[in-house]
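Just the heavy atoms: all of them, side chains too, but no hydrogens, waters or symmetry mates, feed the values below. Counting begins at 1 with the first residue of the sequence.
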Amino acid sequence: MKYYKNCPGCKVDEMKELEQGLPIRPLLSIWIIVLCTALPISSLFPFLYFMIRDFHIAEREEDIGSYAGYVGSAFMLGRALTSVSWGIFADRYGRKPVIIMGTTSVVIFNTLFGLSVNFWMAVITRFLLGSLNGLLGPIKAYAVEIFRDEYQALGLSTVSTAWGIGLIIGPALGGFLAQPAEKYPNLFSKDSLFGRFPYFLPCLAISIFALAVTIATCWLPETLHKHNDNDQSSDDSYDALEAASNESNTKDITEKEEGRESTSKQSLLKNWPLMSSIIVYCVFSLHDMAYTEIFSLWAVSPRKYGGLSYSTEQVGEVLAVSGFSLLVFQMSLYPYVERLLGPVMVSRIGSVLAIPLLQSYPLTAMLSGFTLTLVINCASVLKNVLSVSIITGLFILQNRAVDQHQRGAANGIAMTGMSLFKAVGPAGGGALFSWSEKRLDASFLPGTQMVFFVLNIVEAVGFLLTFEPFLAQHRQ
């Protein structure tokens with residue numbers, strides 16, 4: 001059987017679409033899979049404040065942020081403990097089984113989270129959801145393997161775009177659909193299931209979408225090349241015959257094979273281009289997760305604490321606008337910006353611009369009416385565009401640093417590190433937010449000014465780490 005040379009696990013007839021032009025079908029597949037796994041991660045943030053309040057576990061209103069952080073961190077802690085294992089599993093048995101198991105976990109445990117009756121049930125279901133949802137690392141490897149070289153940046157941009165939009169649309173869904181008996185009394189009575197479980201509807205909507213995605217992924221082509229020694233020698237003989245007509249091509253293939261063999265013998269932990277990009281990725285991931293938690297808590301907190309006194313629906317509207325704008329930017333402008341400036345420079349510029357933007361957030365709490373709506377929407381759009389551009393550039397660096405047979409494990413390591421840092425993000429962000437509400441009269445950076453100042457310190461550290469000699473790039 002002949003395989004497509006840039007995607008050894010895919011048969012030639014399955015890859016004709018790639019030969020003919022822009023690979024729409026693989027892009028769409030990657031898009032919906034990543035969106036499916038990203039939606040439940042942050043969909044809880046707009047209503048988490050009210051959910052913790054309804055559990056009656058916090059003794060004071062100022063302590064709600066701390067408990068909310070624990071629930072937000074449970075998912076990332078679970079994923080941190082299992083990401084490497086899922087990556088190794090994907091390298092051995094294929095990307096597709098991991099993807100199917102990941103989307104199935106969303107169907108089950110996201111539904112159970114919406115039915116949580118106490119704090120500990122919420123923590124446990126989020127932890128199990130994170131533990132069994134290990135597809136983000138393998139899907140990044142899949143995005144590199146399914147495309148030709150000229151489309152790989154677009155493939156990874158699709159991953160980060162869908163991921164970023166999921167982290168925005170998720171809270172938007174949570175904001176619009178939480179507490180439906182209060183918001184839409186003509187459709188949902190207080191005695192109905194959605195009245196007794198006011199946070200179940202957004203979880204159910206995401207789980208239904210995940211069920212449809214799970215069914216659709218059964219037809220997903222596998223990209224991992226599984227073969228025995230005889231198959232390998234047969235395929236190698238075919239490639240050698242095909243290249244024999246061109247002496248320079250033969251030389252290029254030999255050099256690539258030697259380089260691949262050398263890379264395969266190298267430990268991933270000793271691959272500094274990979275590890276340095278993962279470390280920088282982890283720092284920016286910590287910042288992004290803490291920001292996601294803090295933004296929603298800040299937006300719904302009372303004005304007396306420096307917040308915006310927004311409802312969950314208003315938070316959802318802001319995030320929906322951000323999600324649409326992010327989609328337009330990533331699909332239309334990012335590939336051109338990346339080709340023009342390179343992934344490292346895009347990350348540097350994004351981090352520099354984000355710092356003054358974030359520090360201006362506390363000032364927006366002084367606004368009201370249409371001015372507040374306009375400013376907060378513009379700021380949210382710009383912040384999320386910058387964040388996703390940074391992460392996309394680092395995705396590209398990570399996957400360029402390893403060969404195909406190591407990408408699952410490499411992305412598993414990245415997911416473990418990122419998940420550990422993101423587990424710290426909500427817990428640290430929630431604790432920091434609660435602390436800031438207790439120091440409204442401080443002389444140095446009172447209230448929420450301290451929260452955004454600390455976020456900017458993390459952003460600045462990430463920016464400094466993008467320079468040599470720390471961040472090394474793989475030389476092809």
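Side-chain atoms of Arg53 do not come within 3.5 Å of backbone N or O of Leu48 as any donor-acceptor pair. Judged by distance alone, with hydrogens and angles left aside, the side-chain atoms of Thr82 form a donor-acceptor pair with the main-chain N or O of Ser131 at under 3.5 Å. Remark: the backbone N or O of Lys96 is paired with a side-chain donor or acceptor of Glu222 at under 3.5 angstrom. Remark: side-chain polar atoms of Ser347 are paired, donor with acceptor, to backbone N or O of Ile390 under 3.5 angstrom. When atom types are taken as modelled, the side chain of Thr371 and the backbone of Leu367 share no donor-acceptor pair closer than 3.5 angstrom.
Proximity of Ile376 to Phe295: side-chain heavy atoms (C-beta onward) are separated by under 4.5 Å at one or more points. Under the 4.5 Å side-chain criterion, counting only non-hydrogen atoms from C-beta, Phe421 is not in contact with Phe284. Side-chain contact between Leu394 and Val280 is present, with heavy atoms from C-beta onward closer than 4.5 Å. By the 4.5 Å heavy-atom criterion applied to side chains, Phe209 and Leu35 are counted as neighbours. No side-chain heavy atom of Gln449 sits less than 4.5 Å from a side-chain heavy atom of Phe444. When side chains are defined from C-beta on, Met366 counts as touching Leu363, because their heavy atoms get closer than 4.5 Å. Looking at heavy atoms from C-beta onward, Leu220 lies in side-chain contact with Ser29 at the 4.5 angstrom threshold. Met51 places none of its side-chain heavy atoms less than 4.5 Å from the side chain of Leu44.
Because its NZ or CZ atom is both nearer than 6.0 Å to the ring centre of Phe467 and within 45° of the ring axis, Arg348 counts as a cation-pi partner of that residue. Cation-pi contact between Arg126 and Phe113: present, with separation from the ring centre below 6.0 Å and deviation from the ring axis of at most 45°.
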If you apply the rule side chain to side chain contact (heavy atoms under 4.5 Å, CB included), what do you find for Leu465 with Val461, and how did you get there?
CA-CA 6 Å; Leu465 293 180; Val461 170; 4.2 Å; yes
What do the steps show when you test Ile30 against Arg25 for side chain to side chain contact (heavy atoms under 4.5 Å, CB included), and what is the final call?
CA-CA 9 Å; Ile30 292 170; Arg25 187 169 58 183; over 6 Å; no
Test side-chain hydrogen bond (donor to acceptor under 3.5 Å, both in side chains) on Lys438 and Ser434 and set out the steps.
CA-CA 7 Å; Lys438 300 172 186 175; Ser434 293; over 6 Å; no
Under the side chain to side chain contact (heavy atoms under 4.5 Å, CB included) criterion, do Ser296 and Tyr49 qualify, and how do the steps go?
CA-CA 9 Å; Ser296 295; Tyr49 185 94; over 6 Å; no
With side chain to side chain contact (heavy atoms under 4.5 Å, CB included) as the test, would you mind laying out the steps for Leu471 and Leu397 before giving the verdict?
CA-CA 10 Å; Leu471 182 63; Leu397 293 179; 4.2 Å; yes
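The shortest heavy-atom contact between Cys203 and Asn110 is O-ND2, 3.0 Å. When all heavy atoms are compared, the tightest approach of Phe433 to Thr448 is CE1-CG2, 4.2 Å. Smallest separation of non-hydrogen atoms from Gly78 and Phe127: CA-CE1, 3.5 Å. Contact between Glu459 and Ser351 at its shortest, heavy atoms only, is OE2-CA, 3.3 Å. The two residues Arg79 and Ile41 have their closest heavy-atom pair at NH1-CD1, 3.9 Å. Considering all non-hydrogen atoms of both residues, Gln359 and Phe453 come closest at OE1-CA, 3.3 Å.
Taking the six-membered ring where the residue is Trp, Tyr361 and Phe452 present tilted rings, their angle falling between 30° and 60°. Between Tyr93 and Phe89, the angle of the ring planes lies from 30° to 60°, which puts this pair in the tilted group.
Among the candidates Ile33, Thr104, Leu135, Ile32, the single residue satisfying the side-chain contact (heavy atoms from CB on, under 4.5 Å) test with Thr217 is Ile33.
With sequence neighbours excluded, no residue forms a side-chain hydrogen bond (donor to acceptor under 3.5 Å, both in side chains) with Glu317.
Atom CG of Leu129 and atom CE of Met76 lie 10.0 Å apart (nearest 0.5 Å).
Note: Phe119 and Tyr67 meet the aromatic proximity criterion, with ring centroids under 6.0 Å apart.
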